[in-house]
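The structure appears below as structure tokens.
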Amino acid sequence: MSATNTRSARPSVSRRRLLRRLEPYLLLLPALVIVLAFFAYPVLKAVQLSFMHYVLFEPQNIAYSGFANFKALFADPVMPRILFNSLVWVVATVGLQFVLGFALALALNKKFRGKNGLQAVVFLPWAVSAFLIGMIFKWMFNQQNGLINHLLMGLGLIDRPVAFLAIPHTSIIPVIIAMIWYGVPFFGIMILAALQSVPHEIHEAADIDGAGRVRQLFQITIPYIKPTLVLTVLLRVIWVFNSADLIYIMTGGGPANTSDNLPSYIFNKVGYTTDFGQASALGVLMLVVLTLYTIVFLRITKYREAGEI
Amino acid sequence: MRLFLRRKMPGLVRFVVLGLFLIGTLLPFCWMFVTSLKSRREIYGSTLTLWPKDLTWANYAETFRTSNFPQYFANSLIVSLISGALVLVVSILGGYSLARYRFKGKGVLMLVFLATQMVPVMVMLVPLFIVFGNLHLLNTLSSLIITYTAINIPFCLITMSGFFQRIPVALEEAAMIDGCNRMMTVVRIILPIMLPGIVATFVFAFTAAWNDLFFGVMFTTSESVKTVPVGLNSYVQKFDVNWGEMSAGGVLSLLPVVVLFTFIQRYIVSGLSQGAVKG
């Protein structure tokens, strides 16, 4: 510290000035230490582990193994399926969450009686644990006495109960439905907040000029809130890509890994094989995918401000 | 007719859309509640009933008797309250700094906080497991408190700095002219005004901790330190799912979150719309 050098003439004043200059850093210090310890360190450690043979149950056999973990990943026969699932999972979930969330926000963007109560109810899923959501939907999609089977049979769409969560290759669909349901409120909240920031005068002016509601929506509202929409989608894609809870709870990735996405596959690897090396290699793969995605996304949307929020 | 369409249609559409959302949202919760009130025989009976034939609270009693639900509940409460409070302190300090000072490296720091949102939980899981193992903190509530505090700080800090920015600097300056120092000004004048934002941030951190599953599954193994989702999950994995008790446990674990959420969801929307996220 330079406190000793500056003490010469008027010690207390200059020391106070130095303290004032350090103030913003000191206030951020706890947060920074935590970010370094809990985000930077794990990422670096994961990179290191991805180049090691590290199985929890073989503590005497831990050593660097070069690219062995990555080679094993690319040789893994279920990988194509898992990558495909990850893509479908993100596109279907975020796409439909966005459309439904937008509809919800538009419907709520007006004062009416009972709005607060209604808003509290439709936003509720956002605050509920994924574990509980997963269990509720697992029960609803259940073959024996499941509500969905009951309704579909009532409508005459199926003759006998279907074990939706046990069908290879399609068992991820019920999970996606649950995930969409879970995430609509988030989009609703974010878009509603953005809609409420659009000044009334713009719409009043457009009304006078005779622009219809649909035209106003596409030519005024959406361009106005585009920055929020872009940021929300960006963050949401990352979040959904990283999300594994519902898959873990509803299907456990099964049958035979056909409903796993990348993170749920990692969790299964960690849990069943305790192969931390391979799990970390998968984690590093996720980080690479996410980084590429973010760069491409920001390029395409030309969203430079994203960094300076 | 045209006039009718222009005048009344939007209202009608709104009514129908909101009605559908309301039903869609409530249906799964209602189904869980209905299930929790059914007897075991009725749940697994040959026909599905949409409302319990003989309504019973037995599942609730069973949940308390056979599982360690009260213990899980207490653990969840301790972990979520403490980590929520810690997150709040750190994000108020950091958020104030980002909102009110100009200093070198501010842009970079902001980017760093945002970038943390990209790090997958799955990447953090193994390294943190190893670290907590070395520190002999595995299987303790502390490991969960520390982890939840850490992972929720970046988002809450950014949100908090948005709330600070909404408050006119002039207010602070006026208080300082009246002889308050910076610290006193913030504590006595700014924070009380920001109370809705503070509450919203706390609830965000609280629910995130309350709802986590994977860190809990990874870090805790004894019954005495399991949180609600972890405890119920291991119960489900160990025994065949008993949907009646499961639903009863679900309804109970929902209560604190529902109470908190009905309280603050208004603040969240108004807070965000006034620029908390855009900052």
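Just so we're on the same page: letters track the sequence lines, and every chain starts at 1.
Surrounding OH of B/Y44 are more than 12 heavy atoms belonging to other residues, nucleotides or ligands, all under 6.0 Å away. More than 12 heavy-atom neighbours from other residues, nucleotides or ligands sit within 6.0 angstrom of NZ on A/K115.
Taking B/V112, B/V230, B/V90, B/D212 one by one and counting their heavy-atom pairs under 4.5 Å with chain A, the maximum is reached by B/V90. Most heavy-atom pairs under 4.5 Å with chain A, from the set B/V87, B/V17, B/N233, B/L254: that is B/N233. Ranking B/F29, B/W210, B/Y96 against chain A, the residue ahead of the rest is B/F29, based on heavy-atom pairs under 4.5 Å. No other option in A/K138, A/E23, A/M286, A/Q48 has as many heavy-atom pairs under 4.5 Å with chain B as A/E23. When the candidates B/L18, B/I153, B/L213, B/T207 are compared by the number of heavy-atom contacts under 4.5 Å with chain A, B/L18 comes out ahead. No other option in B/T116, B/I146, B/V119 has as many heavy-atom pairs under 4.5 Å with chain A as B/T116. Contacts with chain B were tallied for A/L195, A/L124, A/I266, A/L282; A/L124 has the most, counting heavy-atom pairs under 4.5 Å.
Residue B/V217 touches chain A through its side chain alone, counting heavy-atom pairs closer than 4.5 Å. Heavy-atom distances place no part of B/S91 under 4.5 Å from chain A, backbone and side chain included. Proximity to chain A (any heavy atom under 4.5 Å) is shown, for B/K104, by both the backbone and the side chain. Heavy atoms of A/L49 lying under 4.5 Å from chain B belong exclusively to its side chain. Of the two parts of B/R102, neither the backbone nor the side chain holds a non-hydrogen atom closer than 4.5 Å to a non-hydrogen atom of chain A. Looking at B/L50, the atoms closer than 4.5 Å to chain A (heavy atoms on both sides) all sit in the side chain, from C-beta outward. Interface residue A/V128: backbone and side-chain heavy atoms are both found under 4.5 Å from chain B. For A/I249, the part lying under 4.5 angstrom from a heavy atom of chain B is the side chain only. Only the side chain of A/N142 comes within less than 4.5 Å of a heavy atom of chain B; its backbone N, CA, C and O stay farther away. Proximity to chain B is limited to the side chain of A/T294, based on heavy atoms less than 4.5 angstrom apart. For A/A40, no part lies near chain B; criterion is any non-hydrogen pair under 4.5 Å. Heavy atoms of A/I136 lying under 4.5 Å from chain B belong exclusively to its side chain. At a 4.5 Å heavy-atom cutoff, the contact between A/L132 and chain B is made by side-chain atoms alone. With a 4.5 angstrom heavy-atom cutoff, B/V89 does not touch chain A via any of its atoms. If you measure heavy-atom distances from B/I151 to chain A, the contacts under 4.5 Å come from both the backbone and the side chain. Heavy atoms of B/P28 lying under 4.5 Å from chain A belong to its backbone as well as its side chain. For A/F241, no part lies under 4.5 angstrom from a heavy atom of chain B. Of the atoms belonging to B/L232, heavy atoms from both backbone and side chain fall under 4.5 Å from chain A.
Annotation: side chain of A/Y41 is not in contact with side chain of B/L128 (no heavy-atom distance under 4.5 Å). In this structure, B/M122 and A/N242 have side chains that are not in contact, with every pair of non-hydrogen atoms separated by 4.5 Å or more. Within the 4.5 Å cutoff, no side-chain heavy atoms of B/V121 are placed close to those of A/P263. Residues A/V184 and B/F21 have side chains in contact (heavy-atom distance under 4.5 Å, counting atoms from C-beta outward).
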(request) Quick one: do A/T291 and B/M118 satisfy side-chain contact (heavy atoms from CB on, under 4.5 Å)? Show the steps, please. (result) CA-CA 8 Å; A/T291 312; B/M118 248 174 72; 3.8 Å; yes

(request) Output, in order, the C-alpha distance, side-chain angles, deciding distance and verdict of side-chain contact (heavy atoms from CB on, under 4.5 Å) for A/I238 and B/Q117. (result) CA-CA 8 Å; A/I238 293 172; B/Q117 300 301 299; 5.9 Å; no

(message) Pair A/L56, B/F129 - check side-chain contact (heavy atoms from CB on, under 4.5 Å), show working.
(response) CA-CA 11 Å; A/L56 191 63; B/F129 178 83; 4.0 Å; yes

(request) Test side-chain contact (heavy atoms from CB on, under 4.5 Å) on A/Y54 and B/V126 and set out the steps. (result) CA-CA 11 Å; A/Y54 195 128; B/V126 166; over 6 Å; no

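Residue A/Q144 holds its CD atom at 10.5 Å from CD1 of B/I43, rounded to the nearest 0.5 Å. B/Y148 contributes atom OH, which lies 12.5 Å from atom CZ of A/F38 (distance to the nearest 0.5 angstrom). To the nearest 0.5 Å, the span separating CG on B/L125 from CZ on A/F276 amounts to 8.0 Å. In this structure, NZ on B/K106 lies 10.5 Å from OH on A/Y25, to the nearest 0.5 angstrom. For the atom pair CD1 (B/I130) and OG (A/S280), the distance works out to 7.0 Å, reported to the nearest 0.5 Å. Taking CE of B/M32 as the start and CG of A/L147 as the end, the distance is 13.5 Å to the nearest 0.5 Å.
Listed for the A/R21 side chain is no donor-acceptor partner under 3.5 Å among the backbone atoms of B/F103. Between the side chain of A/S129 and the backbone N or O of B/N211, no donor-acceptor pair lies under 3.5 Å.
The aromatic rings of B/F214 and A/F267 lie tilted to each other, with the angle between the two planes from 30° to 60°. Under the 30°/60° scheme for interplanar angles, the aromatic rings of A/W139 and B/W31 are found to lie parallel.
When all heavy atoms of A/W181 and B/T25 are compared, the pair lying nearest together is CZ2-O, 3.3 Å. Looking at every heavy atom in both residues, A/P42 comes nearest to B/P127 through O-CG, 3.4 Å.
Taking non-hydrogen atoms and a 4.5 Å limit, the residue list of residues 27-36 of chain A in contact with chain B, ordered by number, reads A/L27, A/L28, A/P30, A/A31, A/L32, A/I34, A/V35.
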